[in-house]
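The structure appears below as structure tokens.
Heavy atoms only: backbone and side chains are in, while hydrogens, waters and symmetry mates are out. One-based numbering, in listed order, for ligands and for the atoms of each.
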Amino acid sequence: MTEQNISNLSQENRTFEPPAELAASANVTADVYDTAAADRPAFWGEQAKRLDWGTPFTEVLDWSNPPFAKWFVGGKLNAAYNCVDRHVEAGHGDRVALHFVGEPADDTRDITYAQLKDEVSRAANAIEELGVEAGDRVAIYLPMIPEAVITMLACARIGAVHTVVFGGFSSDALASRIVDCGAKLIVTADGGYRRGAASALKPAVDEALVKIDNESTAIVENVLVVRRTGQDVDFDNDIDSWWHEVVDEASEIHEPQMFDSEHPLYVMYTSGTTGSPKGILHTTAGYLVQSAWTFWAVFDHKPDDVYWCTADVGWVTGHSYIVYGPLANGATQVLYEGTPDTPHKGRWWEIIEKYQVSLFYTAPTAIRTCMKWGEEIPATFDLSSLRILGSVGESINPEAYVWYRDNIGGGRTPIVDTWWQTETGAHMISPLPGVTSGKPGSAMTAIPGIAAEVVDDAGNPVDNGEGGYLVITEPWPSMLRTIWGDDDRYQDTYWSRWPNVYFAGDGARKDEDGAIWLLGRVDDVMNVSGHRLSTTEIESALVSHPKVAEAAVVGAADETTGQAVVAFVILRESAGDGGTEVIQELRAHVGKEIGPIAKPRTIMVVPELPKTRSGKIMRRLLRDVAENREVGNTTTLADSGVMDLITSGMKTAKDDD
Ligand code: ATP
Ligand code: MG
């Protein structure tokens, strides 16, 4: 291992073979890796046949002007037609597209593909009536209700570019996104249900319009409001209209127009875990091809599966694996509005039992929370319908992986740990459930058609057993096309480190078999006495201790070692309050698991960790705390009160010292 490479500390020897029955009928078999690697464009050209085209493409990939790719050149298609109409035309109009489950008990609604087609067509007509044309931007600020999916598809149908803003965000975040992409229309709701109560949304839109001085800038021309909770709203007749008046009365006949393969589909802002959010632009055909194919391949989707992804539509996972990927495949899925613990901590498992969910996709943070609550909660539900479990958003700690497999998957289900980013648009590195023997904590290998590598500073591949930077060495269909309105920033951020190689900031290592283990952000790497330590391995070591529920580590300036490891841990309910004894025990545990160099200098027991809306830990804020700085930008935190809790908790911890 060279000095500048990232250290490889942990050892994990467990593997889980694919179940024989699943392997025997899997959508994708092992030979596909080689076929795809032999000619990647040909492979993706083949997968593009899964879609219906108005005009066929003449060239799969134009990479003559890197890093600006054009995929499926000359083709024309309509994304909404591919996600909805064609299934109805193929005779599946009665198939349920969405089992909507509202947070209030018994608030459910099944929507078939035929109904979805009518709803999307009505919304498309209504949005056109409001003056929106192809290429215009539409901001969507809605709870997890069917109208969110319908609006996204209605935009795609008319060629308008949607930008979905998470419903939990403040008016500031909404305002900055409206201005950045110049949204002409906002689609929102009076409110949504969250933790057992109606929570207002419309007031944040009103505030955002004041903040952007819409009276004089006139960026936003209309606000379309869904009535969800029935709570009071301020209504300005000049700009506001009700969904139930405008959309419900529109015609359900709408002829979808065909758009160029490279027509913009949406702008999605990144989580902002490492910096300020970037407006990532995705275009139509390449994005749809890869999200559709990966959904089919990675979840081994079959027509009678019931799929459920717990992400919010305000996150890229909601775009690719609630809307475009599943619907392009004609899947039946659950769409759930609320939180996992309302009205009780078994709500998710109750939903799985009721709808016989077979494919389930969630984030490690949620799994760790369920671990904290205890396995007796899922144990009271019948989860035998599940056949594949997915994970996304962060590395899944081996401890959480095994818990998930045993307690949710009944010890039978493969786990697909999917590595990808807002920028990549779709899965890039993941096991295939019928092919790969999974190792807990590893995303394994690049999926067929994707070229991933781990390189050193000079851009040379590292040997097996070593750590470095994760890069993508060949263009892929669902790659971002640019940062909205800023081609220079696009080039600088992702393509400037090594020529024509994509780098978006993650560290990784290859194990002895060449499997890839994600190590966390390169920005978060700690330099302790000349050793470059990543966050993931130390956090996983902490989480593997029976008293720890969650952990985050950061590097803080240290006079003797350059940087020192500082850990923030949430203890399990059974662990007591975390006196000095527990802290010594945890330090020793890390030393034993992965080596003395990784032992945290300081361990702070905290009640919560700062997380983004998609459940990622925001280590940059913890670094501010560890180095006694004022805490930085918190606008994308899921819960902005958390930092106060942590800093005040720290004061008490210090007082106790
Ligand atoms: P920003 O780029 O603004 O800092 P972000 O990177 O958190 O935000 P996303 O695009 O939502 O925004 O997250 C992508 C990142 O999530 C990846 O770069 C990686 O660090 C992490 N990630 C996603 N899936 C996995 C996974 N399966 N294993 C490890 N890390 C993952
Ligand atoms: Mg990122």
Side-chain angles (χ1 to χ4, degrees), residues 164 166 173 176-177 180 267-280 282 294 298 309 311-321 361-367 389-398 400-401 404 415-431 438-447 452 454 469-472 478-480 483-484 489-490 493-494 502-509 515-525 534-537 539-540 610-621 632-633 635-638:
V164 183
F166 173 54
S176 69
R177 285 160 178 73
D180 189 68
V267 176
M268 172 86 247
Y269 291 82
T270 56
S271 301
T273 317
T274 50
S276 63
K278 303 170 276 285
I280 302 301
H282 284 291
T294 51
V298 172
C309 167
D312 193 279
V313 282
W315 182 26
V316 72
T317 303
H319 284 50
S320 305
Y321 299 106
Y361 195 26
T362 193
T365 179
I367 300 163
L389 302 176
S391 171
V392 60
E394 291 178 282
S395 291
I396 177 166
N397 320 103
Y401 179 111
Y404 191 27
I415 293 184
V416 288
D417 173 8
T418 59
W419 179 88
W420 60 296
Q421 308 174 300
T422 308
E423 292 89 338
T424 71
H427 296 159
M428 302 291 280
I429 302 177
S430 171
K439 302 184 186 186
S442 172
M444 302 305 293
T445 52
I447 60 166
V454 181
Y469 307 94
L470 179 68
V471 296
I472 310 296
S478 63
M479 62 195 277
L480 76 165
I483 292 178
W484 182 257
R489 191 172 172 205
Y490 167 62
T493 311
Y494 305 109
Y502 171 84
F503 175 57
D506 285 357
R509 69 181 171 92
I516 295 173
W517 297 71
L518 274 301
L519 296 177
R521 314 310 176 90
V522 167
D523 292 15
D524 293 334
V525 165
S534 74
T535 51
T536 304
E537 293 179 314
E539 289 167 3
S540 286
K611 288 182 190 156
T612 64
R613 69 190 199 266
S614 53
K616 294 186 208 298
I617 297 166
M618 279 229 231
R619 293 180 190 74
R620 64 180 167 82
L621 300 181
N633 185 326
T635 51
T636 60
L637 272 184

Could you check whether Tyr321 and Thr294, counting side-chain N and O atoms only, form a donor-acceptor pair closer than 3.5 Å?
yes

Please output the side-chain donor-acceptor pairs of residues 518-525 that fall under 3.5 Å, not counting sequence neighbours, one pair per line with the distance.
{"residue": "Asp524", "atom": "OD1", "partner": "Arg623", "partner atom": "NH2", "Å": "2.3"}

Residues lining ligand 1 [heavy-atom distance under 4.0 Å, listed by chain and residue number]
Thr270, Ser271, Gly272, Thr273, Thr274, Gly275, Lys278, Trp315, Gly393, Glu394, Ser395, Asp417, Thr418, Trp419, Trp420, Gln421, Thr422, Glu423, Asp506, Leu518, Arg521, Lys616

If we ignore angles and hydrogens, is there a donor and acceptor under 3.5 Å between the side chains of Thr362 and Tyr404?
no

Has the side chain of Ser430 got a donor or acceptor atom that lies under 3.5 Å from a matching backbone atom of Val416?
no

Is a side-chain donor-acceptor pair under 3.5 Å present for Thr365 with Lys616?
no

Report the C-alpha distance between Tyr469 and Phe503 in whole Å, list the side-chain angles of each, state the deciding distance to 0.1 Å, and finish with yes or no for ring pair (Phe, Tyr, Trp, His ring centres under 6.0 Å).
CA-CA 8 Å; Tyr469 307 94; Phe503 175 57; 5.6 Å; yes

